[in-house]
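Shown next, in structure tokens, is the structure this report addresses.
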Amino acid sequence: MSDDAEAVSNIIDGRALAKKIEERVKERAGAFLKDVGSPPRLATVMVGEDPASQMYVRMKHRACERVGIASENANLPADAGMEGALDVIRALNSRSDVHGILVQLPLPPHLNERIVVGTVDPSKDVDGFHPMNMGNLLIGRERLVPCTPHGIIAALDEYGVELEGINAVIVGHSNVVGKPLAGMLLNRNATVTVCHVYTKDLKVHTLCADLLVVAAGVKGLVKADMVKDGVIVFDVGINTVGDKIYGDVEFDEVREKARLITPVPGGVGPMTIAMLLQHTLDAARAAEAIRRCHDGNK
Ligand code: GUN
């Protein structure tokens, strides 16, 4: 193998992995439509007009379209109150043709995110942010789990990475990535360290990592002298400078030492959206199974 081919081979191709997952979801969505007579459906809820959120929501709807999942968006005005937002969610909860509900975050500061997210029916919570789903994850019952950690676990599975007993270091303790990923890695018997903005000496921890996941939102935070040879690196960072996107890891230099590494863009991002599609299908299938069970008991 040439040096070039060897160097390329340690990059995790998130787009290719996502495509593979999307193909599986598309098959399942087609079977669902044939079986049930209507497609799986995702409803997104957005408050306000934040351009980044609008772009993410558009990407999610386009992904749904690619795989045969119907989708709709409820866009509330930026000054919508709690009651208005909760009414929209309750209406979606009660609709049997809606299988997944996603509230795009962040919400405007006057809305209580915890209450809004907690109002989504846990069985339709395709983001996995509801306290019941988070709690289940923590006790080893992974039902609907957050999409980014699930995408990372799916990529590790795909590459045949053995997690039992490895040193996994996560940088960032958010509810969206760091905390749920820590739970999922513990469920697979990894030894997990979670670092964050208050960690005293980050390098002490990152140097021990067999698996390093960086979700700090700080461009170029992790450099080559902070990792050991053979490390597996997932870069969750999305840092925009002008019209370019950078991760939290100095990719070119860390790649030289890594066994596997995700690029930004084209790494974790596409996997996250693919998992959202998979979750919508899972939620639709579970709802249909319950409906049939109820029908059978009549
Ligand atoms: N905003 C940033 N990431 C996410 C995500 O994964 N889900 C939702 N709903 N909003 C987000």
Side-chain angles (χ1 to χ4, degrees), residues 14 18 21 41-64 69 71-76 78 80 85-86 88-89 92-93 98-109 111-122 124-134 137 142 144-155 170 172-184 213-218 234-240 245 247-248 262 264-265 267-280 282-283:
I21 292 167
R41 177 175 287 270
L42 172 71
T44 57
V45 179
M46 228 191 85
V47 184
E49 315 264 317
D50 174 60
S53 290
Q54 282 176 329
M55 184 190 69
Y56 289 132
V57 166
R58 252 197 322 273
M59 282 166 70
K60 290 167 188 177
H61 286 271
R62 254 189 253 134
C64 284
I69 293 176
S71 67
E72 61 188 63
N73 181 44
N75 201 162
L76 281 71
L86 298 189
V88 167
I89 293 169
L92 293 170
N93 283 345
V98 171
H99 306 100
I101 301 171
L102 178 150
V103 180
Q104 186 63 30
L105 302 177
L107 292 170
L111 295 178
N112 185 324
E113 196 167 290
R114 217 167 272 191
I115 293 175
V116 171
V117 168
T119 300
V120 174
D121 180 335
K124 299 187 180 190
D125 169 37
V126 284
D127 250 338
F129 292 165
H130 191 285
M132 185 183 284
N133 286 320
M134 284 283 192
L137 181 161
E142 294 179 10
L144 289 170
V145 297
C147 296
T148 299
H150 199 185
I152 292 169
I153 296 288
I170 300 166
H173 66 335
S174 71
N175 292 332
V176 176
V177 182
K179 286 187 211 167
L181 181 61
M184 293 176 82
V213 180
V214 192
V218 179
F234 283 80
D235 188 348
V236 186
I238 302 177
N239 306 292
T240 310
I245 294 172
D248 291 350
T262 59
V264 177
V268 173
M271 290 296 291
T272 297
I273 294 189
M275 297 325 291
L276 171 68
L277 303 174
Q278 185 175 305
H279 293 174
T280 305
D282 291 344

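A quick note: this is a predicted structure, and the numbers were derived from the prediction, not measured. Atoms within a ligand are numbered from 1 in the order they appear, just like the ligands themselves.
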ask   = Heavy atoms of the protein only: does one fall short of 4.0 Å from atom 3 (N) of ligand 1?
value = no
query = What atoms in ligand 1 come closer than 4.0 Å to a heavy atom of Val103?
reply = 8 (C), 9 (N)
inquiry  = Suppose I only count heavy atoms of Leu102 and a 4.0 Å limit; which atoms of ligand 1 are within that range?
reply    = 9 (N)
Kindly list each side-chain donor-acceptor pair under 3.5 angstrom involving residues 145-152, sequence neighbours excluded, with atom names and distances?
residue, atom, partner, partner atom, Å
Thr148, OG1, Thr272, OG1, 3.1
His150, ND1, His279, NE2, 2.7

query = Short N/O distance, under 3.5 Å, between Thr272 and ligand 1?
reply = no
ask   = Counting both backbone and side chain atoms, is some N or O of Leu105 under 3.5 Å from an N or O of ligand 1?
value = yes
Worked check of side chain to side chain contact (heavy atoms under 4.5 Å, CB included) between Ile69 and Arg41 = CA-CA 6 Å; Ile69 293 176; Arg41 177 175 287 270; 5.7 Å; no
query = Nearest to atom 11 (C) of ligand 1 by heavy atom, Gln104, Met275, Met46: which?
reply = Gln104
request  = Considering only non-hydrogen protein atoms, determine which one is nearest to atom 8 (C) of ligand 1 and report residue, atom name and distance to 0.1 Å.
outcome  = Asp127 OD2, 3.2 Å
Non-hydrogen side-chain atoms of Val120 and Val103 separated by less than 4.5 Å = yes
task = Go through the side-chain N and O atoms of Thr262 and Asp235 and say whether any donor and acceptor fall under 3.5 Å apart.
result = no
His61 and Ser71 side chains, donor-acceptor separation under 3.5 Å = yes
remark   = Residues at least two apart in sequence or cross-chain that pass ring pair (Phe, Tyr, Trp, His ring centres under 6.0 Å) with His130, listed by chain then number, are none
inquiry  = I'd like to know whether ligand 1 has Phe129 as a neighbour, heavy-atom separation below 4.0 Å.
reply    = yes
